[in-house]
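Written below as structure tokens is the structure these notes are about.
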Amino acid sequence: MIKPGAETPSPAEDAVQAWTDTYFNRTKAVVARFGDCRVTYAVFLRRPVISAPRLATAWLEAVAQARGTRFDIELMHREGDWVGAGDPIFYLSGSFVQLADLETLLLQKLGAACVAAHNAYQMCLELPGVPFLAMDARHCAGAEMQEMMAYAAAIGSNAAKREGAKGFIGNANDATAHWFGAARGLGTMPHALIGYAGTTVRAAEMFHETFPDSDLTVLVDYFGREVTDALAVCARFPELAAAGRLAVRLDTHGGRFLEGLDPGESYAVLERHAPQAVRRYRSETELRHLVGTGVSAAAVWRMREALDEAGYPKVRIVVSSGFGVGKCRVVAEAKAPIDVVGTGSFIPEAWSETYATADIVEYDGAPRVKVGREFLLRRNGARKRNGDGHA
């Protein structure tokens, strides 16, 4: 269950003035001088997204409370619903004086969250039988973005779960774990611990001695001996392996192949397990995901072969490294035996796609919008509502 957090404190008035665009501050001053009016904004994105408005609307409510006013928010698409390009996610009504300077900061809190939620939703549906772990924090530009991306992943995940996917089971840090219904983040070790320990096996031993009750997931690519080190860890912890409490994580660098693979051997692996995946036209990117360097579908299948042949069928395979929508789709087509995907690749790649827009469509109840945006006007005075509004 997703719980609202304390992530939307009311901003100080001087902070709003400092961070908003100057022309909005000046508009506020002009309207205050010549007479306030009630306006209605249509807030939308130019591309299809998943509705993720909570951070934006909670912030608006906090500002309204701090200013001693009221904003009416008519939510047109419930949180987690698909939204078409140009379709208003919500209508926002209130005093023009009180709303004029909020547009810049409001839009910052909406667009990226909706696009990231759509990405997470698609990723989960491409691999519906595989649980995901959100590992976006290290790629975020500060705590506010970190909160936004975790929220978005949870919203997209919940939308996919309603369609039968396992979705995101958690994330990698404590601060945003609440979006996934958890008190703590998940994870075991980074590459740095293996470098410190000197060997992959010794790093596993250190972790297990420190956290004996935790399941063990071990990175196996540090020394470029993924198969060798994975089997060595299994041999060191046979009880964990037999109990299904041991996993190996593939994070092989994109500049090299997993141990024992090359282009020819990668094709051979897929011919053994998923020949249909390589017997159709593929783009260069798709081929890289299938049989290329890094964590390819062939690499996952080769690791599964090695574990099973050595008698470790219950050892799980965790994958990371660039698992965005496209890569998830390709490895799904190859039926790669993945147990968990760790990824932050729901973070939008084309940032220009995240730009939300707000246009005023009514002044004191009279419909009026700039030419070309007539599609935003309420139809017959009211658009069909897909969810409950709030103020």
Side-chain angles (χ1 to χ4, degrees), residues 4-47 49 51-76 86 88-117 140-149 151-152 347-348 350-364 368-370 372-373 376 389-391:
E7 66 287 335
T8 53
S10 176
E13 285 298 311
D14 57 351
V16 172
Q17 183 175 10
W19 287 101
T20 198
D21 291 305
T22 297
Y23 52 80
F24 289 130
N25 285 328
R26 290 182 170 180
T27 296
K28 179 174 183 173
V30 170
V31 174
R33 179 175 181 177
F34 287 92
D36 198 5
C37 70
R38 180 177 175 82
V39 295
T40 296
Y41 289 81
V43 185
F44 67 100
L45 274 82
R46 296 177 177 86
R47 54 150 287 174
V49 293
S51 177
R54 187 187 309 184
L55 298 182
T57 58
W59 179 78
L60 283 169
E61 289 168 346
V63 173
Q65 183 176 7
R67 292 184 170 184
T69 188
R70 174 187 174 88
F71 301 144
D72 294 318
I73 302 169
E74 187 178 7
L75 193 62
M76 308 306 295
I89 295 175
F90 61 86
Y91 285 98
L92 169 64
S93 301
S95 156
F96 196 8
V97 169
Q98 297 292 355
L99 284 171
D101 58 341
L102 303 183
E103 183 173 329
T104 300
L105 303 184
L106 166 65
L107 298 181
Q108 290 175 355
K109 300 176 187 303
L110 181 69
C114 291
V115 175
C140 290
E144 185 174 6
M145 181 179 177
Q146 189 174 339
E147 185 80 44
M148 184 184 299
M149 292 299 102
Y151 161 68
I347 294 177
W351 204 252
S352 59
E353 291 187 349
T354 72
Y355 301 160
T357 302
D359 280 334
I360 296 179
V361 295
E362 290 180 12
Y363 297 82
D364 281 335
R368 191 181 312 145
V369 70
K370 75 176 185 179
R373 293 280 172 81
L376 297 173
H390 58 283

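All values reported here derive from a predicted model rather than from experimental measurement.
- Looking at heavy atoms from C-beta onward, Arg67 lies out of side-chain contact with Val97 at the 4.5 angstrom threshold.
- Residues Leu106 and Leu99 form no side-chain contact, since every pair of their non-hydrogen atoms from C-beta on lies 4.5 Å or further apart.
- Residues Pro348 and Met149 are in side-chain contact: their nearest non-hydrogen atoms beyond the backbone lie under 4.5 Å apart.
- A distance-only check finds a donor-acceptor pair linking the side chain of Tyr151 to the backbone of Arg54 [under 3.5 Å].
- When all heavy atoms of Cys37 and Asp364 are compared, the closest pair comes out as CB-OD2, 3.2 Å.
- Side-chain contact between Ile347 and Met145 is present, with at least one heavy-atom pair separated by less than 4.5 Å.
- Considering only heavy atoms from C-beta on, Glu353 stays 4.5 Å or farther from Val49 through its side chain.
- Not a single donor-acceptor pair under 3.5 Å links the side chain of Asp72 to the backbone N or O of Gly94.
- With a 4.5 Å cut-off on side-chain heavy atoms, Val31 and Asp36 count as touching.
- Side-chain atoms of Arg373 never come within 3.5 Å of backbone atoms of Asp359 as a donor-acceptor pair (strictly under, hydrogens ignored).
- The main-chain N or O of Glu362 is never found under 3.5 Å from a side-chain atom of Thr40 such that the two would form a donor-acceptor pair.
- Without hydrogens or angle criteria, Asn25 side chain to Gln17 main chain gives a donor-acceptor distance under 3.5 Å.
- Counting heavy atoms from C-beta outward, Leu102 and Tyr41 have side chains that stay 4.5 Å or more apart.
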